[in-house]
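One structure is given here, and the rest of the page talks about it.
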Number of protein chains: 2
Amino acid sequence: MLNRVNLLVMAVAQVRDVAALAGVSPATVSNALNHPAKVSPATLARIQAAIDELGYIRNDAARQLRAGTNHAIGMIVLDIANPFFTDVARGVEDVLIAESRPLILGNSAQEPSRETSYLDLFEQQRMSGVLITPVGDVMDRLRRLRDRGTSVVLVDRMSRAKEFSSVSIDDKMGGRIATEHLLEIGRRRIGFIGGPAGLAQVKTRLAAARTAAEKHGSGEIVFVETETMNAQAGRWGAEQLLELPRKQRPDAVFAANDLVALGVLQALTLAGVRVPDDIAIIGYDDIEFAASAAIPLSSVRQPAQQLGSAAATLLLDVIADPAGSTVKHTTLKPELVVRRSTAGA
Amino acid sequence: MLNRVNLLVMAVAQVRDVAALAGVSPATVSNALNHPAKVSPATLARIQAAIDELGYIRNDAARQLRAGTNHAIGMIVLDIANPFFTDVARGVEDVLIAESRPLILGNSAQEPSRETSYLDLFEQQRMSGVLITPVGDVMDRLRRLRDRGTSVVLVDRMSRAKEFSSVSIDDKMGGRIATEHLLEIGRRRIGFIGGPAGLAQVKTRLAAARTAAEKHGSGEIVFVETETMNAQAGRWGAEQLLELPRKQRPDAVFAANDLVALGVLQALTLAGVRVPDDIAIIGYDDIEFAASAAIPLSSVRQPAQQLGSAAATLLLDVIADPAGSTVKHTTLKPELVVRRSTAGA
DNA sequence: CGGCGCGATTGAATCGTTCCAATTTGCCTT
DNA sequence: AAGGCAAATTGGAACGATTCAATCGCGCCG
């Protein structure tokens, strides 16, 4: 019956068609594709020719079903519109492409519901590995994922319980050096803008800033919590600060990332506030656009691409040896980059 | 035997386990999941309870194999590091999430080989739809994809042969209005920086610029071809212009996108060239960072998110009715945004 | 010259779900 | 009360590849 159909509708070629054309069995075609060493060179060539002639493309669903696992790697980033995360993704991509493993990129946009739906997807797909910068409380989900055979590596976030391997950048240090820098140039009231407060990166950077201010003695942190971390949130945050009574207005802003910092810069400039004279600004990430901003932005540089490639490499290790008893945590160091937005006294 | 294994290794639950626990057949569970209307409310509840208790997650590979098609949509963008494309992607995401269709995002990084490997992936996965901004010559691949049942919509690029539906932004108009603007503020020699020249967007914008210059009479276009279109390419392109003999040096630059424009701005500023006095600059896309640049950048605004959502919507239409005889081309209009980089005479 | 061993090849079972046709259940109509 | 009909449920055959044990050929050694 299939044969009759073939005459009418040019059906898509399958292994058995390739096998028939090459004069071998389907099993041999499969071997040629997956274990070429097992097949004699002559047969290999004949099969390859048949594949080309028929334009055969294997059906991944069937393959995965039988194999039990998906070759692809899933990644969930916090915000695809933030150049920091696209840089991380590129680092990941570079490593995975070399292994010819497809990368499935999902954007949680800092929304737990979207994060969850991507986790659902990855779980249904039986991904072999997942890279995630978590937003919501997903530890249970990740544990289940791992129990089902999907390896997990946390990106830019240490696992509290230390149960998952992770690659992160030292946010404590970053928060500290940014704050110390502002204190050193003589600022005392520092507005910290970012959020939501529950986000690990925000929490840690803020805590480190507070610690540094306390240690200094006369420093003080004013926290303005935002819902997300883009330029719009930055503009909103700056407006909050400007509404404060004159005496409570900060003389510096520490933005939780560069997008926020750029928004702050815009709003302050628009309001006639001089940067850095009246209010200094420091951002975080050192995205490419920080240097080319109206007033070039000081920032805490994070090695984004390196973070990505380290995470991908680590994930591949975990996949290769899931039972590997050692959970590994790699921490990279951030670096202070001083530009005009915090220049001079 | 499976039962014995179950006692030892807590195997992952499958439909038949859920069915057994709920006291129904696997077929009913499947119906509950896929055609709830066919199942009585009481049974539905029992099955749901069983699913929750066992933590059942369906195996997408098996599902796809039987269903013959993947519910997900694939998208290949030119450059994930370009905010324009991430904006487009967000527009797409918004539409797809509402339909609860996963989006698989691939980055060709303007490399034909990567584009091809993503097409391979999408073909193997039997995606139900693909959105693509092509780099290389992939028309044959796309045709094959379509013949196999994957719907295709081109983004930001009209299909020459008009055989695929597309959503694009009028590059001819964009090239024209940018050039006319430069001519109007008195510039005559315009450096066009972008590439590779084969890229549709570059080709069209450049041609439109040339046409506008010709029509004007005394305008002239100097084309500097770059390999890619990021800030680094912009810096390189600017250096090429600066190396020209004084008399041949342009008095304006039309950058093929804003990333390039920002690079040009950096390099010119570094070389002591005054913008816009000595050389005016206009970019393309009007990404968010254009407005907050050291010298706020004039640009040709493209409605990126709108482009994305239009493309996604169109793709869903095509998927719903692949035989729909009408190939549709939607074209959106760009808009001139004048800022300081082309201000004054 | 027969048997042995080894690489190459194959048949048939299998992965977990969906789909179709067929069956059962329960209710309404006459 | 019997027949008919719709709704709910079910058994079992797909989907298309991979895998493993079993078979086939063939050269070589004793």
Side-chain angles (χ1 to χ4, degrees), chain A residues 1-2 5-6 9 11-48 50-51 54-71 123-126 128 148-149, chain B residues 1-2 5-6 9 11-48 50-51 54-71 123-126 128 148-149:
Chain A
M1 197 197 76
L2 181 63
V5 171
N6 262 325
V9 183
V12 171
Q14 325 187 147
V15 265
R16 63 160 163 277
D17 302 317
V18 174
L21 183 58
V24 296
S25 80
T28 303
V29 175
S30 172
N31 280 331
L33 251 33
N34 303 299
H35 313 280
K38 288 186 168 180
V39 178
S40 77
T43 321
L44 213 50
R46 240 170 40 250
I47 291 176
Q48 188 54 54
I51 288 178
L54 295 176
Y56 167 73
I57 302 270
R58 87 172 140 215
N59 184 324
D60 237 12
R63 173 186 170 70
Q64 277 173 42
L65 175 57
R66 183 65 235 240
T69 178
N70 187 332
H71 201 230
E123 208 164 346
Q124 289 176 185
Q125 305 257 42
R126 309 291 195 262
S128 54
R148 284 165 187 257
Chain B
M1 198 195 79
L2 179 66
V5 170
N6 261 325
V9 183
V12 171
Q14 329 188 142
V15 263
R16 65 162 161 275
D17 302 318
V18 173
L21 183 58
V24 296
S25 81
T28 303
V29 175
S30 173
N31 280 332
L33 250 31
N34 302 299
H35 313 280
K38 289 185 169 181
V39 177
S40 78
T43 321
L44 213 51
R46 239 169 42 248
I47 290 176
Q48 188 54 53
I51 287 178
L54 296 175
Y56 167 72
I57 303 270
R58 86 173 141 215
N59 184 326
D60 236 11
R63 174 186 171 69
Q64 279 173 39
L65 174 58
R66 181 64 239 235
T69 178
N70 188 332
H71 200 232
E123 209 165 345
Q124 288 177 187
Q125 304 258 41
R126 309 291 195 265
S128 51
R148 285 165 188 258

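Labels below follow one simple rule: chain letters A, B, ... track the order of the sequence lines, proteins then strands, and each chain is numbered from 1. For clarity, every value in this text was computed on a predicted model and none was experimentally measured.
Under the 4.5 Å side-chain criterion, counting only non-hydrogen atoms from C-beta, A/L21 is not in contact with A/Y56. Between B/V12 and A/R126, some side-chain heavy-atom pair lies under the 4.5 Å cut-off. No side-chain heavy atom of A/D60 sits under 4.5 Å from any side-chain heavy atom of A/H71.
The phosphate of D/dT9 (OP1 or OP2) has a side-chain N or O of B/S40 nearer than 4.0 angstrom. Taking 4.0 angstrom as the limit, A/S30 places none of its side-chain polar atoms (N or O) nearer than this to OP1 or OP2 of D/dT19. OP1 and OP2 of D/dA8 both lie 4.0 Å or more from every side-chain N or O belonging to B/T28. Regarding contacts with the backbone of C/dT18, a side-chain N or O of B/N34 is found under 4.0 angstrom from either OP1 or OP2. Contact annotation: B/H35 reaches the phosphate of C/dC19 (side-chain N/O to OP1 or OP2, under 4.0 Å). At least one side-chain nitrogen or oxygen of B/Y56 sits closer than 4.0 Å to the OP1 or OP2 atom of C/dT17.
Between A/R46 atom CZ and C/dT9 atom C1' there is a gap of 11 Å when expressed in whole angstrom units. B/R63 has its CZ atom 16 Å from the P atom of C/dG16, to the nearest Å. Look at CZ on B/R58: it is 11 Å from P on C/dC19, rounded to the nearest Å. Protein atom CD of A/Q64 is 19 Å distant from nucleotide atom P of D/dC15, rounded to whole Å. Atom NE2 of B/H71 and atom P of C/dT17 are 18 Å apart (whole Å). The CD-C1' distance, from B/Q125 to D/dG16, rounds to 15 Å in whole Å. Taking atom CZ on A/R126 and atom P on C/dG16, their separation rounds to 9 Å, with Å as the unit. Protein atom CZ of A/R16 is 16 Å distant from nucleotide atom P of C/dT10, rounded to whole Å.
Side-chain proximity of A/L65 to the nucleotides C/dC15, C/dT17, D/dT19 is greatest for C/dC15.
No engagement by A/V29 is indicated, since no non-hydrogen atom pair under 4.0 Å with the nucleic acid exists. Within the 4.0 angstrom heavy-atom criterion, base atoms lie near A/A27. Within the 4.0 angstrom heavy-atom criterion, no nucleotide atom of any strand lies near B/D60.
A donor-acceptor contact under 3.5 Å links the side chain of A/R66 to the base of C/dT14.
Annotation: of the two residues near DNA chain C, B/A62 and A/S25, the 5′-most nearest-nucleotide partner is A/S25. In terms of position on DNA chain D, the residue among B/P41 and A/A13 whose nearest nucleotide sits closer to the 5' end is B/P41.
Closest heavy-atom contact between B/V24 and B/V29: CG2-CG2, 3.9 Å.
Taken to the nearest 0.5 Å, the CG atom of A/N70 stands 9.5 Å off from the CZ atom of A/R63. Atom-to-atom distance recorded for A/Q48:CD and A/L33:CG is 8.0 Å, nearest 0.5 angstrom.
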